[in-house]
Amino acid sequence: MLNVTRGAFLAYFASWSLFFSQSSVASSPYSAENQAAKASTRMATYATAEKSHACVEDAINIANSDALIFRVTPEQRQMLFSTSNPEEFALKFQDFIRHVRKAFDTEGVVVVRGLLEDDLLDRLEKDSQAIMDNSAPAIGGQFVSLNFGPAFSDTAFREAALSSAIPRFIAMVLLQMKGGEDGDHVGRSTSASLHLLKDAFLAKGGEKKCCGWHVDDVGFWPTDARSRPGVNAWIAIDDIPAEFGGGLAVSPRSHNASWRERAYEAIGSTRLYPEEGLAPGMPFGKTCDMEEADPDLAKTIDGTKKVFDFRRGDVLFHTRWLFHRSMPLTSDGEERFQRLDMEPTFKRYSIRYEYADSRLLKGINVEFAALLNSENKGRTLAEVNKAEGPFYPKCWPGAVSDNDIDRMDDLVREKFPIAEARRKELFKTLMQGNTAKK
């Protein structure tokens with residue numbers, strides 16, 4: 001059941017889409033009937049899909065993608081819930097974990113199937129449709145829907161982000177965390193807890209505009225680049241066949257590529273910020289513009305591109321500094337939706353996780369915690385939570401507490417409206433500065 005928290009987060013997080021562009025895009029209505037029709041034809045989509053070779057822009061590279069896809073068994077998923085001891089989990093499933101870790105450490109990305117139960121996926125689909133039905137079209141022309149913070153609503157998004165197998169898998173398999181006191185860590189194996197940093201529901205429609213090759217900017221990943229890199233979990237709420245477009249492309253190994261510094265420079269990445277953070281006059285708003293800023297490098301990265309045949313419930317995990325991009329619908333995808341007499345839409349939910357000792361960026365920062373109290377800039381996530389409340393709720397070890405859930409709802413009702421008003425003023429100032437430079 002959707003409560004008042006739903007409406008609150010829809011209002012308070014809408015302006016985040018300004019990070020994409022100042023231009024707006026009109027969208028067609030996405031009825032529940034259309035979504036039901038799509039669900040009923042999901043298997044037919046796979047059975048009848050034909051690969052397109054007619055258009056250059058439709059070309060994709062799915063070679064070797066299957067080597068990065070892993071399946072979690074019901075037994076493995078159950079044990080993720082029954083223990084917070086990674087050593088116990090590793091002892092029982094050591095071959096599986098060894099292969100996943102090797103792929104993730106080397107390639108910077110893996111896709112995992114079987115982490116989410118069908119019931120949770122059904123509720124995610126229902127709640128994502130509610131977001132699309134009750135929110136304004138996304139600004140920027142890259143997505144038909146973009147809404148930040150659904151984990152702060154009483155919906156399936158909260159369960160997926162905080163209480164599902166996803167944070168447990170990240171902590172126990174990908175990051176090899178040990179559990180214990182926040183901030184106590186040695187090397188890569190750490191005793192720090194895992195926290196939700198930022199989440200967003202997105203839906204890709206028939207928009208031709210896409211965000212080019214990038215690593216996430218301050219709007220999507222607001223921690224200091226000197227913090228240990230966290231993990232993004234990208235959930236396919238729909239089947240998203242590669243030949244239809246509309247999904248996510250990744251550049252494996254790009255987090256260690258020889259050209260990465262050049263790429264950071266091209267898009268004005270947070271990786272270039274000094275310890276003092278973003279300041280007036282520094283590059284801002286170039287995140288999606290790789291093709292314009294450095295066309296030759298964009299072509300180089302295109303040559304490394306991997307696109308997956310996403311199935312409903314697949315979770316793509318990638319490290320923070322992996323280059324990735326959104327993909328437009330292909331001509332086959334457009335024709336498929338036309339034959340079904342449906343508005344094109346592929347839904348996904350993206351969740352960014354960080355260590356407890358990761359620090360918020362200093363300088364210009366549009367995070368609610370920083371807008372409400374400037375002293376939170378430069379603080380660790382654990383320190384912010386202790387001082388201000390669960391802006392970055394802990395999701396491992398253990399489960400998020402009922403007390404933190406209540407306090408999250410309090411933040412939405414009492415503090416987020418104030419922060420949102422301050423954010424709008426800051427956006428206005430930043431965008432005016434960008435316009436003046438042009």
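No hydrogens, no waters, no symmetry mates; every other heavy atom, side chains included, goes into these values. Just so it is clear, the structure is predicted and the values come from calculations on it, not from any experiment.
Nearest heavy atom pair, residue Thr380 against residue Ala356, reads CB-O, 3.4 Å. The two residues Ala236 and Arg311 have their closest heavy-atom pair at CB-O, 3.7 Å. Arg348 approaches Ala203 most closely through the heavy-atom pair CD-N, 4.3 Å. Between Ala160 and Ile235, the shortest heavy-atom contact is CB-CD1, 4.5 Å. In terms of heavy atoms, Phe81 sits closest to Ser164 at CZ-C, 3.6 Å.
With hydrogens and angles disregarded, no donor-acceptor distance shorter than 3.5 Å links the side chain of Lys286 to the backbone of Ser269. Counting only distance, with no hydrogens or angles, the side chain of Thr300 and the backbone of Asp296 share a donor-acceptor pair below 3.5 Å. Of the possible donor and acceptor atoms, one in the side chain of Asp199 sits under 3.5 Å from a partner among the backbone N and O of Ala151. Judged by distance alone, with hydrogens and angles left aside, the side-chain atoms of His214 form a donor-acceptor pair with the main-chain N or O of His324 at under 3.5 Å. Within the 3.5 Å criterion, the main-chain N or O of Leu322 finds no donor-acceptor partner in the side chain of Thr319. At least one donor-acceptor pair closer than 3.5 Å links the side chain of Asn365 to the backbone N or O of Leu361. Asn232 places no side-chain N or O within donor-acceptor distance of the main-chain N or O of His318, the cut-off being under 3.5 Å. In terms of modelled atom types and a separation under 3.5 Å, the side chain of Arg325 and the main chain of Ala249 share no donor-acceptor contact. Judged by distance alone, with hydrogens and angles left aside, the side-chain atoms of Arg77 form no donor-acceptor pair with the main-chain N or O of Ala165 at under 3.5 Å. With hydrogens and angles disregarded, no donor-acceptor distance shorter than 3.5 Å links the side chain of Glu125 to the backbone of Asp238.
Scanning for ring-ring contact (aromatic ring centres under 6.0 Å, His included) contacts around Phe93 gives Phe89, with sequence neighbours left out. In this view, Ala257 and Trp259 satisfy the side-chain contact (heavy atoms from CB on, under 4.5 Å) rule, not counting sequence neighbours. Qualifying ring-ring contact (aromatic ring centres under 6.0 Å, His included) partners for Tyr349, counting only residues two or more places apart in sequence or in other chains: Phe157. Residues forming a side chain to side chain donor-acceptor pair (under 3.5 Å) with Arg71 (at least two apart in sequence, or on another chain): none. In this structure Glu292 satisfies the side-chain contact (heavy atoms from CB on, under 4.5 Å) test together with Asp289, sequence neighbours excluded.
Between Ser193 and Pro397, the closest side-chain pair of non-hydrogen atoms falls below 4.5 Å. With contacts defined as side-chain heavy-atom distances shorter than 4.5 Å, the pair Ser145/Ile131 qualifies. A heavy-atom distance below 4.5 Å is not found between the side chains of Thr330 and Glu243. Taking the side chain as every heavy atom from C-beta outward, Tyr273 and Lys362 never approach each other to under 4.5 Å. No side-chain heavy atom of Met282 sits less than 4.5 Å from a side-chain heavy atom of Leu272. Residues Pro167 and Tyr353 form a side-chain contact, since some pair of their non-hydrogen atoms from C-beta on lies under 4.5 Å apart. The side-chain heavy atoms of Lys204 and Met327, taken from C-beta on, include no pair separated by under 4.5 Å. Under the 4.5 Å side-chain criterion, counting only non-hydrogen atoms from C-beta, Asn376 is not in contact with Phe391.
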Apply salt bridge (charged side-chain N to carboxylate O under 4.0 Å, His left out) to the pair Asp332 and Arg336, showing each step before the final yes or no. CA-CA 6 Å; Asp332 271 2; Arg336 179 62 181 172; over 6 Å; no

Walk me through it: do Asp409 and Arg158 pass the test salt bridge (charged side-chain N to carboxylate O under 4.0 Å, His left out)? CA-CA 11 Å; Asp409 292 341; Arg158 174 178 287 176; 2.9 Å; yes

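With rounding to the nearest 0.5 angstrom, the CG atom of Leu340 is 12.0 Å from the CD atom of Glu335. One finds the CG atom of Leu194 at 8.0 Å from the CH2 atom of Trp396 (value rounded to the nearest 0.5 Å). Atom CD1 of Ile301 and atom CE of Met290 lie 4.0 Å apart (nearest 0.5 Å).
Phe416 has its ring centre less than 6.0 Å from the ring centre of Phe152. Residues Phe70 and Phe317 keep their aromatic ring centres 6.0 Å or farther apart.
Between Trp321 and Tyr264, the ring-plane angle classifies as perpendicular under the 30° and 60° cut-offs.
Under the salt bridge (Lys or Arg N to Asp or Glu O under 4.0 Å) test applied with Glu367, the options Arg359, Lys198, Lys377 reduce to a single match, Lys198. Partner of Phe148 under the ring pair (Phe, Tyr, Trp, His ring centres under 6.0 Å) criterion, out of Phe220, Phe368, Phe143, Phe201: Phe220 alone. Residue Arg113 is tested with Asp66, Asp309, Asp314 for a salt bridge (Lys or Arg N to Asp or Glu O under 4.0 Å); the sole match is Asp314.
Taking a cutoff of 4.0 Å between a charged side-chain nitrogen and a carboxylate oxygen, Arg98 and Asp95 qualify as a salt bridge. The residues Lys126 and Asp122 are annotated as not salt-bridged, no charged nitrogen and carboxylate oxygen being separated by less than 4.0 angstrom.
Atom CD of Glu265 has 12 or fewer neighbouring heavy atoms from other residues, nucleotides or ligands inside a 6.0 Å radius.
Listed by first and then second residue, the salt bridge (charged side-chain N to carboxylate O under 4.0 Å, His left out) pairs involving residues 250-263 are Glu107-Arg253, Arg262-Asp294 (not counting sequence neighbours).
Counted by atom type alone, Thr223 and Arg320 present one or more donor-acceptor pairs between their side chains at under 3.5 Å.
Cysteines Cys211 and Cys288 are disulfide-linked, with SG atoms closer than 2.5 angstrom.
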